[in-house]
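Heavy atoms only: backbone and side chains are in, while hydrogens, waters and symmetry mates are out.
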Amino acid sequence: QVQLVQSGGGLVQAGGSLSLSCVVSGRTFSTYAMGWFRQAPGKEREFVASIRRLGSSTTYADSVKGRFTISRDNAKNTVALQMNSLRPEDTAVYYCAVGAYAYPLRTPSRESDFDSWGQGTQVTVSS
């Protein structure tokens, strides 16, 4: 059974930084892509960033490009999201996710590309 345990997040002023981390167990971590999604109040969950299994390729939503960085440590089964220059519109519950397919040929970005999810972490950015 795949388990994802998230940590990090919290409250920060606009312009500040936060980091999120997600530890995965129950799956051969280095075989799968990883991703981060977020869901703001009253909105659908949306893609934030993803990284291929060896970290060689990353993809970002346009809204976070240049401010957020996704990374992974396959030795520690961990994926991280460093968030800089945060804005009030980044306020949301953030979820890490494991790719649904081993050895993906592309960097996934759709919810359907992922099949296991973390518990969610609140990120609040005040203006």
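The heavy-atom pair separating P88 from S127 by the smallest distance is CG-CB, 3.8 Å. Between T31 and A102 the shortest heavy-atom distance is CG2-CB, 3.2 Å. Considering all non-hydrogen atoms of both residues, V23 and K76 come closest at CG1-O, 4.3 Å. Summarising the geometry of N84 relative to S17, their closest heavy-atom pair is OD1-OG, 2.9 Å, with the distance given to 0.1 Å. Of all non-hydrogen atoms in T121 and G8, the two that sit nearest each other are CG2-O, 3.0 Å.
The OH atom of Y103 sits 6.5 Å away from atom OG of S30, with the distance rounded to the nearest 0.5 Å. Put simply, CZ on R67 and OG on S85 are 7.0 Å apart, with the number rounded to the nearest 0.5 Å. Note that CZ of R38 is 12.0 Å distant from CD of Q122, once rounded to the nearest 0.5 Å. Going from atom CD of Q119 over to atom OG of S7 covers 8.5 Å, rounded to the nearest 0.5 Å.
By the criterion of side-chain heavy atoms lying less than 4.5 angstrom apart, applied directly or through intervening Ile, Leu, Val, Met, Phe, Trp or Tyr residues, L81 is grouped together with V98 in one hydrophobic cluster. Cluster membership for V79 and Y32, using ILVMFWY side-chain heavy atoms within less than 4.5 angstrom, is shared. Linking Ile, Leu, Val, Met, Phe, Trp and Tyr whenever their side-chain heavy atoms come within less than 4.5 Å leaves F114 and Y94 in two separate clusters. Note on V2: it clusters hydrophobically with M34, by side-chain heavy-atom contacts below 4.5 Å among ILVMFWY residues. Criterion: ILVMFWY side-chain heavy atoms under 4.5 Å apart, direct or through other members. Under it, V123 and V93 are not part of a common hydrophobic cluster.
The backbone N or O of T107 sits nowhere less than 3.5 Å from a side-chain atom of S57 that would complete a donor-acceptor pair. N74 places a side-chain N or O within donor-acceptor distance of the main-chain N or O of R53, the cut-off being under 3.5 Å. At distances below 3.5 Å, at least one donor-acceptor pair connects side-chain atoms of S50 with backbone N or O atoms of P108. Using a distance-only test at 3.5 Å, with no hydrogens or angles considered, no donor-acceptor pair links the side chain of N77 to the main chain of S25. R72 contributes a side-chain N or O that, together with a main-chain N or O of F29, makes up a donor-acceptor pair within less than 3.5 Å. Although no hydrogens or angles enter the test, the distance criterion places a donor-acceptor pair under 3.5 Å between the side chain of R52 and the main chain of P104. Between the side chain of Q6 and the backbone N or O of C96 there is at least one donor-acceptor pair closer than 3.5 Å. With hydrogens and angles disregarded, a donor-acceptor distance shorter than 3.5 Å links the side chain of R27 to the backbone of G99. Checked by atom type and distance alone, the side chain of D90 never pairs as donor or acceptor with a backbone atom of L86 at under 3.5 Å. Between the Y60 side chain and the I70 main chain, a donor and an acceptor come within less than 3.5 Å of each other.
Annotation: side chain of L20 is in contact with side chain of M83 (closest heavy-atom distance under 4.5 Å).
Not less than 6.0 angstrom separates the ring centroid of W36 from the ring centroid of F68. For F37 and F47, the distance between ring centers is under 6.0 angstrom.
A salt bridge between K65 and D62 is present, with a side-chain N of the basic residue lying under 4.0 Å from a carboxylate O of the acidic one.
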- Test side-chain contact (heavy atoms from CB on, under 4.5 Å) applied to L4 and S116, step by step: CA-CA 8 Å; L4 295 82; S116 297; 3.7 Å; yes
- Task: Decide side-chain contact (heavy atoms from CB on, under 4.5 Å) for Y95 and E111; before the verdict, give the C-alpha distance in whole Å, the side-chain angles of both, and the deciding distance to 0.1 Å.
- Result: CA-CA 11 Å; Y95 299 89; E111 277 201 51; over 6 Å; no
